[in-house]
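Notes follow the structure.
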Amino acid sequence: MSYFDKILIANRGEIARRIIRTCKHVGIRTVAVYSEADVDAPFVEEADEAVCIGPAQAKKSYLDIERVIQVAKETEAKAIHPGYGFLSENPVFVRRCEEEGIVFIGPSARIIELMGSKIEARRQMQAAGVPVVPGWDGKLASVEEALFIAESLGYPLMLKASAGGGGIGMQLVHTPDELQKAFDSTMQRAASYFGDGTLFLEKWISNPRHIEVQVACDAQGNAVHLFERECSVQRRNQKVIEESPSPYLDENTRAELLETALRGVKQIGYVTVGTMEFIFDDKKNFYFLEMNTRLQVEHPVTEEITGLDLVEWQIRLAAGEPLPLQQENIKRNGHAMECRLYAEDPQTFFPSPGTLTRLHIPENDVRLDFAVIEGSVVTPFYDPMIGKIITHGHDRADAIRKMEKVLETCRVEGVKTNTPLLQKVMRDEEFRKGQYTTRFLDKLLV
Ligand code: ADP
Ligand code: ADP
Ligand code: MG
């Protein structure tokens, strides 16, 4: 592939390594940018070129738009891959790339802006006839207005930040009293994390499952899905284990879900790889939650069952190529499962930074997408996820069996990790039967 000679990767950790891997495979040179805290990180070593862009604090390095653009120009990188998190969903950054004639590997600033607002995304999806979680799509101006609208919607409700992400900026409220108490703090949290305190209200779905659809679209107007991912094992509304196919879906519901997701992306004229997130209730009704306009942390699950390289697809689509495959040629095979390995206390979820004095994971029959190697330092500055363990089996039981084996034999020392929790999940009867909801981990921990 020769679309771009050189790509700058505006990210770090496992996803930077993941992008480098595909670039090497297709013959594209890579430029890593890194903070002072990441000098010894494997991705810095593995890229063809690497430039330090500032101190550890993300604001002064990975989030410094002008510095990243400057390095892209100096190194003559023709495109920027943003990974996930950081600048990946930042329309200001995308506009700056557009102005400088650098290709942003992702959708346009307009689409990112549209889907970056959960309120606007809900409106767009409703226009396409995609069911959204019952709620109120206005911006809540005051706590009085929130209380008034909550009364008509009925409790329990989810008070949500329109700009939220990463499970941050939402609060479940059961009563007017709880809403009153949560309003100011949720708004302040949203303003400080996302620079936008806009809040709205959604009905709280009880016993929910999070199931999302991987989509890919080209500039010629074609759209395909790459099946679903089940992501209901969560802590603090953030995913910990993902799998595909979802054990909850029958063929009819699956077909309806996949078709609905495609209807949604066609409505907004989406281009490139993206994810439509849905929430299911216990009667198999599903509702649109949000769209993530980037590569997802859990994309390897989809790659394992389809045998496709989503980073390569992103690069080709960003270069203006048509979709590499048509829907009928996208097949799935077996079952894939991913565990996110976090350097954190498995009970309290507090991050556990430190030096990895030992990191030994058998590499047989498993895919390891890791940020670190033995001897790496896990710093307190960024997300504590140190890697992802992905297994692929001929069926779900086989994928679980393989995962259990890896977790049993892996040795991580120097930092606390969530391995004991992951093992507990793999052994759990409810999980093994596939009968779990987003409340599963909380129940497992008591
Ligand atoms: P996914 O939907 O791909 O599973 P997550 O919600 O777990 O993604 O978030 C992906 C990564 O991006 C995580 O490292 C998370 O901390 C980070 N992240 C997500 N949303 C934001 C945001 N709005 N601002 C900063 N970081 C974010
Ligand atoms: P984020 O942008 O932080 O990823 P999402 O809207 O995608 O936010 O929600 C993240 C998770 O929070 C969902 O997967 C689900 O577990 C929970 N959640 C969100 N909205 C609701 C709701 N209305 N009812 C129940 N759970 C919800
Ligand atoms: Mg989400």
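Computation of the quantities below employed the complete heavy-atom set of this structure, encompassing side-chain atoms and omitting hydrogens, waters and symmetry-equivalent molecules. Quick note: residue numbers are just sequence positions, from 1. Just follow the structure's listing: the first ligand is 1, and inside any ligand the first atom is 1.
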*Give the numbers and elements of all ligand 2 atoms closer than 4.0 Å to a heavy atom of G165.*
1 (P), 2 (O), 3 (O)
_Backbone or side-chain N or O of G167 under 3.5 Å from ligand 2 N or O_ = yes
*Run the numbers for me: atoms of ligand 2, each under 4.0 Å from some heavy atom of T438, listed by number.*
16 (O)
_Using a 4.0 Å cut-off to any heavy atom of E277, which atoms of ligand 2 qualify?_
7 (O)
*Taking only heavy atoms of H210, which atoms of ligand 2 are found under 4.0 Å from at least one of them?*
13 (C), 14 (O)
*asked:* Contact between ligand 2 and K203 is defined here as a heavy atom of the residue under 4.0 Å from a ligand atom; is it met?
replied: yes
_Test your reading of the model: is there a side-chain donor-acceptor pair from T253 to the backbone of L249, 3.5 Å cut-off?_
no
*For atom 1 (P) of ligand 2, state which one of E290, Q234, R439 supplies the nearest heavy atom.*
E290
*Nearest heavy atom to atom 17 (C) of ligand 2 wins, so pick from L201, N237, T275, L157.*
N237
_Using a 3.5 Å cut-off on N or O atoms only, is I205 in polar contact with ligand 2?_
yes
*Which atom, among the N/O/S set of E290, is closest to the Mg ion (ligand 3)?*
OE2
*Quick one: report the N, O or S atom of E277 that is nearest to the Mg ion (ligand 3).*
OE1
*Is the CD atom of Q220 crowded by more than 12 outside heavy atoms at less than 6.0 Å?*
yes
_Below a 4.0 angstrom heavy-atom separation, can you tell me which part of I279, side chain or backbone, both or neither, approaches ligand 2?_
side chain
*Check the pair F93 / I69 against side-chain contact (heavy atoms from CB on, under 4.5 Å), numbers first and verdict last.*
CA-CA 9 Å; F93 177 60; I69 296 274; 4.1 Å; yes
*asked:* So, 4.0 Å and heavy atoms of K160: is ligand 2 close enough to count as a contact?
replied: yes
_Need the ligand 2 atom indices (1-based, order shown) with element for anything under 4.0 Å from a heavy-atom of K118._
1 (P), 2 (O), 5 (P), 6 (O), 8 (O)
*Check for a donor-acceptor pair, side chain of D309 on one end and backbone N or O of E312 on the other, with a separation under 3.5 Å.*
yes
*Parallel, tilted or perpendicular for H225 and F227, by the 30°/60° rule?*
perpendicular
_I'd like to know if the side chain of D369 and the backbone of I390 have a donor-acceptor N/O pair within less than 3.5 Å._
no
*asked:* Consider ring-ring contact (aromatic ring centres under 6.0 Å, His included). Of Y287, Y248, F286, which one does F278 pass it with?
replied: F286
*asked:* I'd like to check which ligand 2 atoms, numbered from 1 as shown, lie under 4.0 Å from a non-hydrogen atom of G164.
replied: 2 (O)
_E303: which residues meet the side-chain hydrogen bond (donor to acceptor under 3.5 Å, both in side chains) condition with it, sequence neighbours left out?_
R18, R367
*Count the heavy atoms of every other residue, nucleotide or ligand shown that sit under 6.0 Å from NZ of K331, and state whether that count exceeds 12.*
yes
*Indicate yes or no: at least one non-hydrogen side-chain atom of C339 is less than 4.5 angstrom from one of I241.*
yes
*Going by the atom numbers of ligand 2, which of them fall below 4.0 Å from some non-hydrogen atom of W204?*
24 (N), 25 (C)
